[in-house]
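Both ligands and their constituent atoms are indexed starting at 1 by order of listing. Keep in mind that what you see is a predicted model, and the values were worked out from it rather than measured.
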Amino acid sequence: MIYLARPHLSGKEWEYVKQCLDTNWISVAGDFVPQFEQKIAEYTNVQHAVAMSSGTAALHIALHTLGIGQNDAVIVPTLTFVASVNAICYTQATPIFVDVHQDTWQLDTHILENYLNIGTYAYQGNYYDKKTHKKLKAILPVHVLGNMPAMHRILELADKFNLIVVEDAAEALGSFYQNKHAGSIGKTGILSFNGNKIITTGGGGMLLTNDKQIAKHARHLIHQAKINGNEYIHDEIGFNYRLLNILAAIGVAQIEQLPYFLQKKQNIFQFYKEHLTPLGLITQKITENVRSNYWLSTFLLPDHIDKSGLLQFLQANEIEARSFWKPMHTLSMFKEFSYITQNNMAEQIYQKAISLPSGTDITETELHTVINAIKNYLKK
Ligand SMILES: Cc1ncc(COP(=O)(O)O)c(C=O)c1O
């Protein structure tokens with residue numbers, strides 16, 4: 001089987017995990033967690049990085065530490081992984097879905113601006129959604145596939161409409177906007193180290209911020225909000241969201257290989273682009289000023305090609321490819337929420353997009369196998 005993206009453990013993972021096993025430090029305490037946090041903070045150039053059990057947990061904590069709650073609304077692109085929206089719902093806030101740009105597949109800042117201008121009203125310095133009367137509290141741009149939206153526009157709009165920016169950079173470790181790392185641009189940002197990400201801890205996430213109070217509060221919350229000391233005293237409702245030391249050990253080994261992984265992802269993407277563009281497949285356009293990590297090579301099929309037929313054909317040929325996310329506003333549990341769009345680009349992208357095997361351990365022969373299988377299907 002040629003996998004979509006599986007963990008690639010080619011560094012010191014065994015050595016560091018063995019150190020944990022040999023010394024018993026496999027749980028939440030131990031040196032690898034702060035080491036991993038420090039390495040991520042240095043790489044992303046933020047002052048604080050707080051390790052957590054998943055990217056979803058980090059998103060939840062990011063929103064929670066901003067005091068977002070049931071009277072608030074959070075703007076999020078409809079083309080994202082469900083976790084971005086689930087995290088908003090955990091806080092009881094209301095998501096407002098915005099369509100994505102047809103070429104970059106990122107939150108469309110023109111549609112966003114239009115909505116903010118005509119779909120909201122101001123009251124005492126805050127902006128409220130005209131339909132739900134919820135207070136607009138935050139924008140959650142998602143850096144889809146390692147590309148990023150026009151962040152300078154998002155920051156300008158956030159400033160004008162008194163919104164806080166929380167970046168879902170789950171897929172974007174190694175991506176930069178005007179030389180600033182994804183997740184380091186807003187008030188807070190999050191990364192994921194899920195098994196398919198550019199570096200993995202098996203499961204894990206990280207909250208990034210330059211705000212000392214947010215970092216301190218986040219750390220407190222994920223430790224069940226326990227006050228330091230020998231007594232079990234907790235001063236608010238907390239969470240058990242810590243990353244295990246044994247997983248952080250894998251993370252430390254993984255980040256040592258990040259430069260290689262980034263180069264490999266770019267090579268994979270270039271290879272596919274070179275071979276698939278002549279066949280009529282179209283890829284995501286990288287936004288101006290973005291350096292993408294090319295996390296997962298994804299292409300739009302020509303109109304006459306049936307996506308599910310191709311996916312089945314690839315599966316039968318032992319090639320794991322995937323459909324893109326069904327837009328969030330179409331999922332049953334989110335149907336009641338507003339969707340701001342002009343041409344429903346998210347749906348069109350979803351209908352035509354497939355993600356191809358992009359693991360950093362993929363061989364050149366395997367890449368050719370994928371291309372040949374696609375060619376064979378197109379010939380049918
Ligand atoms: C865009 C996006 N947001 C959030 C997440 C959630 O991260 P995790 O799986 O670590 O909880 C993921 C990936 O899984 C993702 O791709």
Which of the numbered atoms in ligand 1 are under 4.0 angstrom from any heavy atom belonging to [X]?
| X | result |
| --- | --- |
| Ala83 | 4 (C), 5 (C), 6 (C) |
| Asn194 | 9 (O), 10 (O), 14 (O) |
| Ser54 | 10 (O), 11 (O) |

Distance to 0.1 Å, residue and atom name: give those for the protein heavy atom nearest to [atom].
| atom | answer |
| --- | --- |
| atom 3 (N) of ligand 1 | Asp168 OD2, 2.7 Å |
| atom 16 (O) of ligand 1 | Glu171 OE2, 2.6 Å |
| atom 12 (C) of ligand 1 | Phe81 CD2, 3.5 Å |
| atom 15 (C) of ligand 1 | Ala170 CB, 3.5 Å |
| atom 6 (C) of ligand 1 | Thr56 OG1, 3.5 Å |

Donor-acceptor pair, side chain of Asn293 and main chain of Trp295, under 3.5 angstrom: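 Indeed, once roles are kept as given, a pair shorter than 3.5 Å links the two residues.
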Main-chain N/O of Pro95 paired with Lys134 side-chain donor or acceptor, under 3.5 Å: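 Not at all, since once roles are kept as given, no pair shorter than 3.5 Å links the two residues.
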With sequence neighbours excluded, residues passing side chain to side chain contact (heavy atoms under 4.5 Å, CB included) with Ser27: Leu244
Residues Phe239, Tyr90; criterion ring-ring contact (aromatic ring centres under 6.0 Å, His included); working and verdict: CA-CA 12 Å; Phe239 305 87; Tyr90 298 162; 9.1 Å; no
From CA spacing to verdict: salt bridge (charged side-chain N to carboxylate O under 4.0 Å, His left out), Glu156, Arg153: CA-CA 5 Å; Glu156 283 163 9; Arg153 269 314 279 150; 2.4 Å; yes
Check: Ile190 N/O within less than 3.5 Å of ligand 1 N/O: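 No, there is no polar N/O contact under 3.5 Å.
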Close N or O approach (Trp325, ligand 1; < 3.5 Å):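 No; the residue has no nitrogen or oxygen that sits under 3.5 Å from a nitrogen or oxygen of the ligand.
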Shortest heavy-atom approach to atom 10 (O) of ligand 1 - which of Ala58, Gly195, Ser192, Gly203: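 Shortest heavy-atom distance from atom 10 (O) of ligand 1: Ser192.
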Side chains of His329 and Phe334 in contact at under 4.5 Å (non-hydrogen atoms):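 No, too far: nothing below the 4.5 Å cut-off.
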His64 side chain reached by Ile237 side chain, heavy atoms, under 4.5 Å: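 Side chain of Ile237 against side chain of His64, heavy atoms only: no contact under 4.5 Å found.
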Proximity flag Gly204 to ligand 1, non-hydrogen atoms under 4.0 Å: yes
Side chain, backbone, both or neither: the part of Lys197 lying under 4.0 Å from ligand 1 by heavy atom: side chain
Structural part of Val142 in contact with ligand 1, heavy atom criterion under 4.0 angstrom: side chain
Heavy-atom pair with the smallest gap, counting every atom of Ile198 and Leu173: CG2-O, 3.6 Å
From CA spacing to verdict: salt bridge (charged side-chain N to carboxylate O under 4.0 Å, His left out), Glu37, Arg219: CA-CA 12 Å; Glu37 289 178 338; Arg219 218 174 268 293; 3.1 Å; yes
